[in-house]
J.: 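Please see the structure below; I have some questions.
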Amino acid sequence: MAPVSHSLSFSLIPFLKTLTLKPSLSAFPCRASSAPPPPPSPPPAADSEGTGPAAPTRGQVFLERQRSSAAAAVVIKEYKRQDDYIERKKKRRERKLVRAKVATNVACCYGCGAPLQVEERDAPGFVDPETYELKKRHHQLKTVLCGRCRLLSQGHMITAVGGHGGYPGGKQFVSAEELRQKLSHLRHDKVLIVKLVVDIVDFNGSFLSRIRDLAGANPIILVVTKVDLLPRDTDMNCVGDWVVQSVVRKKLNVLSVHLTSSKSLVGITGVISAIQNEKKGSANVGKSAFISALLQTMATKDPVAAAAQKYKPMQSAVPGTTLGPIQIDAFLGAGKLYDTPGVHLHHRQAAVVQANDLPSLAPQSRLKPRHFPIPSVNGQTSASNCELNGNSLFWGGLVRIDAIKVLARTRLTFYGPRRIQTTMVPFNEADDFYQREVGLTLTPPTGKDNTETWPGLEAVKQLQIKYTKKIGPACDIAISGLGWISVEPFGLPGEDKDDEEETGELHLSIHVPKPVEIFVRRPLPVGKVAESWYEYEELSEKEEESRPKWFY
């Protein structure tokens with residue numbers, strides 16, 4: 001009998017042993033059976049694990065097992081590769097479906113991106129039926145502006161996003177989650193994202209905390225707007241470095257940072273150059289005011305951008321003006337520009353005030369610092385304003401600050417809209433003063449009708465602010481959607497006092513409406529005096545190269 005191969009012997013050895021140990025039933029003939037007995041079985045094969053010359057060595061057995069394991073691993077890896085391919089194909093199919101929903105063929109309003117419709121007059125995208133049919137007949141639906149956008153262009157404050165605990169001010173067209181859903185496809189697309197921090201005045205409140213969920217690993221060009229509102233003599237080198245340090249802490253894939261103004265067009269050219277250098281087919285851009293400034297600057301050299309200026313997106317002070325992605329042909333070639341809806345941030349002051357108070361939250365001119373206590377002309381303070389201890393300060397009807405424990409020379413400097421006044425009263429009179437004056441001298445809210453449904457200053461945050469030096473502010477207290485307050489332990493002029501420690505803590509209590517957020521941050525270096533106290537971070541050459549560059 002031919003010898004059994006090694007690879008076969010491993011699987012047959014136990015079976016052959018069983019055959020040799022168990023007697024065959026056919027060896028005992030039955031009397032009732034007349035069939036002849038079977039021929040004798042051949043002698044069993046020699047045990048392949050014996051000591052004969054054909055038996056494999058222990059090394060050969062180990063080597064064969066290794067080869068079998070390697071062959072099995074190759075098969076398993078191939079199956080996994082096929083499964084991964086199927087999973088990737090499934091995800092690509094899902095992304096295509098998402099993009100198909102975004103890039104719909106339904107005609108949309110060029111001002112807000114809402115689909116045009118003729119049925120619900122109070123809903124977004126409504127167009128008079130006769131106008132709709134006329135424009136449709138002449139293939140001009142892309143030039144139609146919906147009824148809501150027409151009202152916005154005339155100065156009416158019509159909100160589109162329902163606030164969380166605030167006032168709708170009209171029909172709630174789009175919820176915050178719906179707006180976020182409209183942008184969720186960005187993380188799956190390979191695009192260049194131009195991310196707008198709404199303005200430098202509200203850096204923390206307008207910076208989307210979950211931007212990584214939307215952007216994914218896509219490169220980001222960060223645009224900081226409204227830098228023209230900063231106080232005069234501000235050193236932009238300090239501001240640019242401050243912004244870059246804040247961005248690095250968020251661990252985003254930021255290519256560059258640009259300080260701009262949509263009003264004066266400062267810095268817009270640098271953004272255009274960055275987009276042209278980095279774009280890979282499309283750029284997804286938020287905030288319609290920046291889009292308008294971008295098109296205006298590009299129009300001098302790009303005829304496509306010049307033509308796009310005629311039907312540019314609507315811009316207003318109302319949160320959620322843009323309701324859907326608006327495609328704009330702004331580049332020569334295949335490049336597209338998209339104005340996308342802004343994600344509604346419910347923790348900003350704009351979410352709690354009524355629509356007619358929204359313009360008062362937006363600064364219209366350069367910020368002018370307002371100091372408390374108020375120094376006189378000769379640099380000294382009046383007797384009634386000598387210290388903050390035991391006093392409460394109201395920033396309109398939106399913020400209350402109680403000075404629980406501060407130094408004799410502590411000064412608070414307010415940066416925000418000029419229309420919102422600041423008032424200081426004794427702490428024991430603060431509650432009665434607010435109840436009596438809210439809606440009258442403490443505005444917004446404006447008017448007694450609005451104060452009846454006003455939630456009040458229900459959220460309270462206790463702050464223990466540490467100070468370690470006598471030069472410059474200890475920190476900024478940023479109120480989301482309003483502005484910030486610079487806390488200076490030694491801000492008042494005068495001689496040093498022996499009882500004032502160089503290091504210690506200040507205790508302040510901040511009251512705001514729910515759900516407005518309060519941020520304690522590094523002081524923003526504004527004004528000429530900031531050059532003397534701002535400290536640049538020391539970096540190695542490698543860290544300096546990896547950090548995004550800023551432009552102005």
Side-chain angles (χ1 to χ4, degrees), residues 191-204 206-208 211 215 218-280 282-302 305 330-331 335 337-339 366-367 521-522 524-528 530-531 534-552:
V191 296
L192 172 66
I193 297 177
V194 180
K195 166 73 177 83
L196 293 190
V197 175
V198 176
D199 58 78
I200 189 65
V201 179
D202 189 27
F203 185 90
N204 297 83
S206 59
F207 205 113
L208 187 60
I211 182 62
N218 285 312
I220 298 175
I221 295 176
L222 187 66
V223 180
V224 182
T225 62
K226 298 187 180 181
V227 296
D228 58 321
L229 296 178
L230 295 178
R232 296 185 185 278
D233 300 325
T234 296
D235 188 347
M236 299 310 295
N237 291 312
C238 297
V239 175
D241 185 78
W242 184 90
V243 173
V244 170
Q245 287 190 38
S246 301
V247 170
V248 169
R249 288 183 173 90
K250 295 182 181 295
K251 298 181 180 180
L252 298 173
N253 184 18
V254 176
L255 300 177
S256 57
V257 175
H258 299 263
L259 308 181
T260 69
S261 167
S262 300
K263 184 177 180 180
S264 63
L265 304 183
V266 170
I268 301 297
T269 304
V271 180
I272 295 173
S273 300
I275 293 176
Q276 295 286 8
N277 292 336
E278 301 290 344
K279 74 184 181 70
K280 302 173 183 178
S282 63
N284 293 273
V285 182
K287 301 306 170 189
S288 303
F290 177 77
I291 292 283
S292 300
L294 195 70
L295 293 175
Q296 181 179 345
T297 306
M298 293 173 59
T300 57
K301 298 181 179 180
D302 192 336
F331 300 103
L337 186 70
Y338 291 91
D339 183 11
R366 283 190 181 274
L367 299 179
R521 70 186 188 192
R522 296 181 306 112
L524 178 63
V526 296
K528 187 173 181 59
E531 302 176 26
Y534 183 74
E535 297 179 353
Y536 290 89
E537 188 177 358
E538 295 184 3
L539 302 172
S540 63
E541 293 184 4
K542 185 177 181 180
E543 291 174 333
E544 188 68 34
E545 292 178 358
S546 62
R547 276 169 48 117
K549 302 296 185 293
W550 68 271
F551 301 90
Y552 175 64

J.: Could you go through V201 and L367, starting from their C-alpha distance and side-chain angles, then the distance that decides it, and tell me whether this counts as side-chain contact (heavy atoms from CB on, under 4.5 Å)?
T.: CA-CA 9 Å; V201 179; L367 299 179; 3.8 Å; yes
J.: State which residues pass salt bridge (charged side-chain N to carboxylate O under 4.0 Å, His left out) with E535; sequence neighbours excluded, sorted by chain then number.
T.: K469
J.: Looking at residues at least two apart in the chain, or sitting in another chain, which of them share a side chain to side chain contact (heavy atoms under 4.5 Å, CB included) with K549?
T.: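 Per chain and number, K549 pairs via side chain to side chain contact (heavy atoms under 4.5 Å, CB included) with F551.
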J.: Could you state the interatomic distance from CG (L229) to CG (D199), rounded to the nearest 0.5 Å?
T.: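 L229 CG to D199 CG: 7.5 Å, rounded to 0.5 Å.
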J.: Please assess V227 against M236 for the test side-chain contact (heavy atoms from CB on, under 4.5 Å), listing each intermediate value before the final yes or no.
T.: CA-CA 9 Å; V227 296; M236 299 310 295; 4.1 Å; yes
J.: For the OG atom of S273 and the CD1 atom of I221, what is their distance to the nearest 0.5 Å?
T.: 10.0 Å
J.: Quick one: does S256's side chain have a donor or acceptor within less than 3.5 Å of a partner on P548's backbone?
T.: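 Not confirmed, S256 side chain does not pair with P548 backbone.
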J.: Before giving the answer on side-chain contact (heavy atoms from CB on, under 4.5 Å), spell out for L222 and V247 the whole-Å C-alpha distance, their side-chain angles and the decisive distance to 0.1 Å.
T.: CA-CA 9 Å; L222 187 66; V247 170; 3.1 Å; yes
J.: List for me each residue that meets salt bridge (charged side-chain N to carboxylate O under 4.0 Å, His left out) alongside E537, sequence neighbours excluded, and say none if there are none.
T.: R547
J.: Atom CG of L265 and atom CG of D228: how far apart are they, to the nearest 0.5 Å?
T.: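 These two atoms lie 10.0 Å from each other.
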J.: Work out which heavy atom in A274 is nearest to a heavy atom in H258; give both atom names and the distance.
T.: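 That would be CB-NE2, 3.7 Å.
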J.: Any ring-ring contact (aromatic ring centres under 6.0 Å, His included) pairs touching residues 226-251, not counting sequence neighbours?
T.: F203-W242
J.: Run the salt bridge (charged side-chain N to carboxylate O under 4.0 Å, His left out) test against R522 and tell me which residues pass, sequence neighbours left out.
T.: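 Salt bridge (charged side-chain N to carboxylate O under 4.0 Å, His left out) check on R522 returns nothing, list empty.
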J.: State, without any angle test, whether Y552 and N237 hold a side-chain donor-acceptor pair at a distance under 3.5 Å.
T.: no
J.: Enter the distance from E543:CD to E545:CD here, rounded to the nearest 0.5 Å.
T.: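 Between atom CD of E543 and atom CD of E545 there are 11.0 Å.
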J.: Could you tell me the separation between the CG atom of L230 and the CD1 atom of I200, rounded to the nearest 0.5 Å?
T.: 6.0 Å
J.: Please enumerate all residues that pass side chain to side chain contact (heavy atoms under 4.5 Å, CB included) together with R366, with sequence neighbours excluded.
T.: R232
J.: Begin from the C-alpha positions of V271 and T260 and carry the test side-chain contact (heavy atoms from CB on, under 4.5 Å) through to its verdict.
T.: CA-CA 9 Å; V271 180; T260 69; 3.8 Å; yes
J.: Considering only heavy atoms from C-beta outward, does the side chain of V244 approach that of V248 to under 4.5 Å?
T.: yes
J.: Rounded to the nearest 0.5 Å, how far does SG of C238 lie from CG of L524?
T.: 10.0 Å
